[in-house]
Amino acid sequence: MIAHRFAVPLAGVLAGSSVLLASPATAVTPPVTSPAVPLAGPPPPATPAGGGQREKVPVAEGYGGAVSTVDLDASEAALKVLRRGGNAVDAAVAAAATLGVTEPYSAGLAGGGFIVYYDARRERVHTIDGRETAPRAMTATSLEGIPFEEAVTSGLSAGVPGSVAQWELALRRFGTISLKQALQPAIEVAREGFTVDQTFHDQTAANAARFADFTSTAKLFLPGGAPPPVGSTFRNPELAETYRLLGRYGGRWLYRGGLGTEIVATVKNPPVTPGSTRNVRPGLMEMRDLAAYRALERPPTKITYRGMDVYGMAPPSSGGSTVGEALNILEALPDVGVHEYLEASRLAFADRGKYVGDVPGVPLRELLSDGFAKERACLIGERAMPHPAPPGNPDGAYEPCPAASGPSASPDSPASPETGAETPPEGPETTHLVVTDRWGNVVAYNITIESTGGNGIVVPGRGFLLNNELTDFTFGPAPGDPNLPGPGKRPRSSMAPTIVLDDGRPLLALGSPGGSTIITTVLQILVNRWELGMSLPEALAAPRATQRNTAQTQAEQGFLDRYGAELTARGHSFTLNPEIGAATAVEFLGRGRLQAVAEPSRRGGGSALVVVPAR
């Protein structure tokens, strides 16, 4: 059993890794919500958990449940549900819906996401796939030849939304309240408004040009033709009414009813501002695509690292497989530092690109096997590997490391010259939240509309943006790529909500936004925590770098200042990425004590709250 606090770095190869793949994915029709169990207990106190002044703080310790999100209103919505007797699933849905109000460029009811859930009573981890799907009319060549920027801002990029079906399934299977009750905190925030902070203002300004090209979007997010000023109150009565009706009619209103009809009409005929010169392509979505959508329960990925069980999300997410494979590779090494972290990530991303997608036959068991990890670990030496690292062969027949190593492991071998176009820095797309309750249930939840601002198109009169999730597909031509688009297919995701158990009990839950940097952010936090001896707040705040099998490693300035010279001498090449990820996490400290942690500064800082603060 691993201690709940790591005072010094862990080293050496300990327990072997294993992978668990349970039953096949179970399709569930977007349900009619079952009768709700009323929220019990007294109303929340008049003052926030921190006592006195309402403020956003990145670290909170206490008892009885905890929440960490990027936003104070969303964290308070979850806390309110917990204090009234709701469980972690109830609170997570309430927080996600509220993020659709206060973080509308990252989350919303027209998006999708992944939930990893630990059920304390059954001592079992479940996952719910609410990933968006491609319309039936989409083929492997539908995106071929289209400039990426044109695809982003179009009806063509909008996938069939999964969030509402996911909320209903989660509440039906594991919650105690109705969708109507879970939406109430978000309705209140949308109706009464929230204070515009610098992040909201800056994200609006960055999208102002394309927002102005749609009448409905400009009306909502550019009042008076400009982004709302910092400190002003932003209200969204249209979204409040949409949520109210969604609570009344349930998900069938979206998937088989009037709201779905409005979404399809917007996708097929975007409300382009007269005089706009933007080439806005119509989409392929039909009502039959909405009616066919299902949220799915899938078996989680599982590996064992240093005696702890690490659970993640299986395909179509690549988060669980890539984080898990990288951890297995690191466990096979005698020592782990930042060089080894970058190299393990490089190798895992090579395998991700070759094998992982929403396709049959992903070799998940072998990708997460000890034998494959040890074979891949043989390639890590004193210097950075040549670019690009080739994928491995997860065929079950693995060889020990050769006695005299090849060029990538030779201490005298230089890294290859940089070739090919570099991956551009990815912004704070997506959001992540963590919730735990008084019974020990835990939710790690990534929710997204893909790019910051989705496809830029607000459904007229409804107060929410559409997603542009289908740009996560490979555009092609790319024969054999597992992530090419297809009818009903879910684009490969990097979202990596993660729950760690120690001796069968929750130890840590975490995740992050940031496109494909989500995977490296989660991995680096775990390395910081378990290998570099950092506390959880230190592990989140530490400067980051992301190596995704690219010629150059993107890194924050603080990482370059701390490690740049040493790693450059070992063959690594760097480019600056000002901000990587915006993580949220909760750690179980023992004897019922919880530590909720959010970012101290990235994305404006996050909000950590506990039900009963420690004194």
Side-chain angles (χ1 to χ4, degrees), residues 22-23 25-41 64-69 77-98 112-131 162-186 247 250-251 294-302 311-314 317 320 432-447 495 497-501 504-506 509 511 586 588 611:
S23 58
T26 303
V28 181
T29 301
V32 178
T33 307
S34 58
V37 178
L39 288 174
V67 57
S68 179
T69 80
L79 196 72
K80 183 183 294 186
V81 172
L82 293 176
R83 284 183 165 166
R84 288 180 173 174
N87 68 14
V89 169
D90 304 327
V93 174
T98 304
F114 297 107
I115 291 173
V116 178
Y117 169 62
Y118 173 74
D119 184 334
R121 184 163 67 89
R122 297 176 178 85
E123 297 183 344
R124 183 179 175 189
V125 176
H126 305 261
T127 75
I128 300 177
D129 173 0
R131 183 66 160 165
S163 288
V164 173
Q166 185 182 44
W167 293 347
E168 287 196 319
L169 176 56
L171 291 170
R172 182 183 181 184
R173 289 278 284 118
F174 308 112
T176 68
I177 65 175
S178 67
L179 179 63
K180 180 178 180 179
Q181 289 173 296
L183 293 174
Q184 193 56 43
R294 301 293 184 268
L296 300 173
E297 290 193 68
R298 297 185 185 273
T301 62
K302 176 193 171 187
Y311 290 87
M313 194 70 217
S317 175
H432 184 268
L433 63 93
V434 181
V435 183
T436 183
D437 58 33
R438 70 181 74 172
W439 300 282
N441 303 303
V442 186
V443 172
Y445 184 10
N446 264 127
I447 186 170
M495 291 185 283
T498 302
I499 292 177
V500 182
L501 305 185
R505 292 174 293 181
V586 170
F588 290 71
V611 173

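One-based numbering along the sequence shown.
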Asks: Any idea which heavy atoms bring Ala295 and Leu169 closest together, and the distance?
Replies: CB-CD2, 3.8 Å

Asks: Which heavy-atom pair separates Asn446 from Pro497 by the least distance, and what is that distance?
Replies: OD1-CD, 3.3 Å

Asks: Name all residues meeting the side-chain hydrogen bond (donor to acceptor under 3.5 Å, both in side chains) criterion together with Thr69; count only those two or more places apart in sequence or in a different chain, and write none if there are none.
Replies: Ser75

Asks: Provide the closest heavy-atom pair for Val434 versus Ala509 in the form atom of the first, atom of the second, distance.
Replies: CG1-CB, 3.7 Å

Asks: Under the rule for ring-ring contact (aromatic ring centres under 6.0 Å, His included), what residues qualify as partners of Tyr118, not counting sequence neighbours?
Replies: none

Asks: Walk me through it: do Phe174 and His126 pass the test side-chain contact (heavy atoms from CB on, under 4.5 Å)?
Replies: CA-CA 10 Å; Phe174 308 112; His126 305 261; 3.6 Å; yes

Asks: Test side-chain contact (heavy atoms from CB on, under 4.5 Å) on Leu501 and Tyr311 and set out the steps.
Replies: CA-CA 8 Å; Leu501 305 185; Tyr311 290 87; 3.6 Å; yes

Asks: Backbone N or O of Val586 within a donor-acceptor pair of the Ser68 side chain at under 3.5 Å?
Replies: no

Asks: Just how far is it from atom CD of Glu168 to atom OG of Ser178, taken to the nearest 0.5 Å?
Replies: 10.0 Å

Asks: Rounded to the nearest 0.5 Å, what's the gap from CZ on Arg121 to CG on Asn87? Could you check?
Replies: 11.0 Å

Asks: If you round to the nearest 0.5 Å, how far is CD of Gln166 from CD of Glu297?
Replies: 11.0 Å

Asks: Is there a donor-acceptor pair under 3.5 Å between the side chain of Arg131 and the backbone N or O of Gly162?
Replies: no

Asks: For Ala97, what residues pass the side chain to side chain contact (heavy atoms under 4.5 Å, CB included) criterion, not counting sequence neighbours?
Replies: Trp167, Leu183, Ala186, Tyr243

Asks: Who passes side-chain hydrogen bond (donor to acceptor under 3.5 Å, both in side chains) against Asp437, sequence neighbours left out?
Replies: Asn441

Asks: For residues Tyr117 and Val443, report the shortest heavy-atom separation together with the two atoms involved.
Replies: CD1-CG2, 3.6 Å

Asks: Rounded to the nearest 0.5 Å, what's the gap from CD on Gln184 to OG1 on Thr98? Could you check?
Replies: 10.0 Å

Asks: With rounding to the nearest 0.5 angstrom, report the CZ to NE2 distance, Phe114 to His432.
Replies: 12.0 Å

Asks: Name all residues meeting the side-chain hydrogen bond (donor to acceptor under 3.5 Å, both in side chains) criterion together with Arg122; count only those two or more places apart in sequence or in a different chain, and write none if there are none.
Replies: Asp119

Asks: Give the intermediate values and the outcome of side-chain contact (heavy atoms from CB on, under 4.5 Å) for residues Val93 and Leu171.
Replies: CA-CA 8 Å; Val93 174; Leu171 291 170; 4.1 Å; yes

Asks: Listed by chain and number, what are the side chain to side chain contact (heavy atoms under 4.5 Å, CB included) partners of Ala94, not counting sequence neighbours?
Replies: Val81, Pro185

Asks: Can you name the nearest heavy-atom pair linking Tyr445 to Ala96, along with the distance?
Replies: CE2-CB, 3.6 Å

Asks: Minimum heavy-atom separation for Ala78 and Ala95, please, with both atom names.
Replies: CB-CB, 4.0 Å

Asks: Is the side chain of Thr436 donor-acceptor paired with the backbone N or O of Ala66 at a distance under 3.5 Å, no angle test?
Replies: no

Asks: Would you check if Val116 and Pro300 make a side-chain contact, meaning some heavy-atom pair closer than 4.5 Å?
Replies: no

Asks: Start with the C-alpha gap between Asp129 and Met313, add the side-chain angles, then the distance that decides, and say whether side-chain contact (heavy atoms from CB on, under 4.5 Å) holds.
Replies: CA-CA 8 Å; Asp129 173 0; Met313 194 70 217; 4.0 Å; yes

